[in-house]
Amino acid sequence: MKTPIDTDPLEEELRRLEPLARALDTPTRDRDARTRAVEAYASAYLDAQGDAPAYTRSPDLSAGLLDTPISEKGAGLDAALGLLDRFVDHEGLNTTSGRFTGYIPGGGVYEAALGDYLAAVTNRYAGVFFASPGAVRMENQLVRWMADLVGFPDTAGGYLSAGGSLANLTAVVTARDVHGVEGETVPRAVVYLSDHAHHCVDKALRVAGLGRAVLRRVPVDEAWRMDARALERAVADDLASGLTPWLIVASAGTTNTGSIDPLDAIADVASRHNLWFHVDAAYGGFFQLTDIGKERLRGMERAHSVVMDPHKTLFLPYGIGALIVRDGTLIRRSHLSDASYMQDARASDGEWSPAHMSPELTKHFRGLRMWLPLQVHGVAPFRDALTEKLLLARWAWQELARSEQFEVGPEPDLSVVTFRLKGTDDANRRLLEAVHRDGRVFFSSTVIDGRFTLRLAIVSFRSHLDDIRLTLRVLEELVSDITQRA
Ligand SMILES: *Cc1c(COP(=O)(O)O)cnc(C)c1O
């Protein structure tokens, strides 16, 4: 027996460590002060957005950040916010600007940030139902909401991923397993997609062990939509030569041009030949909320799987995509896995656990960043903003088509407008460089049919008529600069 005077060296060490370790559990006063400081920083950031450039590039490209290394003592919150302000938040693409129409924008509806904040503070475990029935029900409710948007039956299931690339990967893996594409069969297995399909599909196939599968690039029509008759012919030819068609990846719409592949006609081909019909609607899926979009996306409800990206057309900050599969048990079949240390966590009450529907286990409680904005605003303003984007694209396309200096691509299916300065690739390249140097607005380029092509992707909830008008005005100014100098 120890006397009270005796000290156990282990306990003594624990007593020494405790107050030091408690530093991580910030006391209320400091916590509130830090929250206020971050809130003030965020608020100042957003208030400055009206006139903020859409693109900035400094000579040192944020390298000054590295002069403050991670250290034993830490720099403190004020210093850290100062570093963010100097080196991170004002350089590169300003994806929170309504004048940013490059790539596929994000935006970042504010309430999503509040959802992230709460998800981080409460740290609900959204991987398995047992751990947080409420969090899992919420994520499944969102999946169900998207399944209804697509027009899927009650059998549908899915999960909220970190983004469209991961969601496409999970779809490919699911389809691969359903069609038993493995081992010796891989080099004979054929995947059909157009040249405009997103490059993450190629990546997904490689990551899924299907790098040796045959990729059949189906020709597109004059509006860059997959030619369904050419698809039918390609499938028939491949069957005749002893190959094994198994997967069609349609885009709705493409990142490149916003074109929507003819989903209904492609669904016919898929069902005729018993192929998995996947629709990559990472960009276009949420246009289902609009009347125009619903019309254009007809046939999506016949897919086996659909990817949509709330961090694109639901205007959420980056870090959330979604995969919805018509028969949810099929994703589960590919991803269910178990271990003895998970034995307490098997209860489900009929809910699918995200960990059984994806490659992840422990994950961010992403549902909250989507659920909170939808609960706060309701769906209506999202629908209105999406309709506004479609009409802004139509407006920009009409203005560009009217101008003497530009030639336009086909009328946009969705909210991407493609156009060129009449003239050489080089003139177009110089114009884009001038736009990027100027920085007031930002858009990007692509190559279509071998030609350098400019594109506006109008996908920010902050883009309104004046922003797009400014974009066209900046273009006009810079064109005259360039032509005067040439
Ligand atoms: C953006 C995009 C992807 C990739 O999604 P991430 O969220 O960037 O990973 C896939 N397909 C299409 C059509 C896209 O627009």
Side-chain angles (χ1 to χ4, degrees), residues 93 95 100-108 112 146 150 158-173 175 191-208 215 217-218 220 224-226 247-263 266 277-288 293 296-297 300 303 305-324 358-360 363-364 366 369-370 386 389-390 393 412-418 443-444 446 448 455-460:
L93 304 177
T95 65
F100 174 73
T101 56
Y103 311 103
I104 301 277
M146 289 183 279
V150 170
Y159 91 106
L160 301 177
S161 64
S165 299
L166 274 171
N168 274 302
L169 171 63
T170 311
V172 164
V173 165
V191 179
Y192 301 84
L193 70 184
S194 88
D195 263 337
H196 294 261
H198 196 274
H199 67 277
C200 78
V201 176
D202 302 39
K203 179 154 96 175
L205 288 163
R206 275 186 284 128
V207 175
L215 277 196
R217 296 289 177 175
V218 182
V220 293
W224 305 314
R225 307 179 184 124
M226 188 188 282
L247 171 65
I248 303 172
V249 178
S251 305
T254 66
T255 311
N256 218 11
T257 69
S259 304
I260 301 172
D261 290 336
L263 304 179
I266 294 172
F277 175 31
H278 175 65
V279 177
D280 179 4
Y283 154 55
F286 285 102
F287 286 106
Q288 286 277 18
R296 301 205 170 146
L297 294 166
M300 187 187 277
S305 51
V306 173
V307 163
M308 44 215 291
D309 251 355
H311 67 197
K312 286 178 178 160
T313 31
L314 208 59
F315 315 121
L316 302 188
Y318 300 133
I320 185 164
L323 169 64
I324 319 289
S358 81
E360 295 182 83
K363 67 174 197 85
H364 181 57
R366 299 183 184 107
R369 64 188 346 248
M370 179 169 170
L386 284 164
K389 301 317 130 195
L390 293 171
D413 278 348
L414 293 172
S415 67
V416 176
V417 183
T418 54
F443 56 85
S444 57
T446 183
I448 299 176
R455 62 188 277 289
L456 301 178
I458 304 174
V459 190
S460 168

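All ligand and atom numbering here is 1-based and tracks the order in the structure.
Judged by distance alone, the side chain of H311 and the main-chain N or O of I320 form a donor-acceptor pair under 3.5 Å. Within the 3.5 Å criterion, the main-chain N or O of G253 finds no donor-acceptor partner in the side chain of S251. Within the 3.5 Å criterion, the main-chain N or O of N256 finds a donor-acceptor partner in the side chain of R455. Checked by atom type and distance alone, the side chain of Y103 never pairs as donor or acceptor with a backbone atom of T255 at under 3.5 Å.
Considering L169, N168, V191 in turn, V191 is the only one that fulfils the side chain to side chain contact (heavy atoms under 4.5 Å, CB included) rule with L205.
Ordered by chain and residue number, the residues placing a heavy atom less than 4.0 Å from ligand 1 are G163, G164, S165, N168, H198, C200, G253, T255, D280, A282, Y283, D309, H311, K312.
Side chain to side chain, H196 and D261 fail the donor-acceptor criterion of an N or O pair below 3.5 Å.
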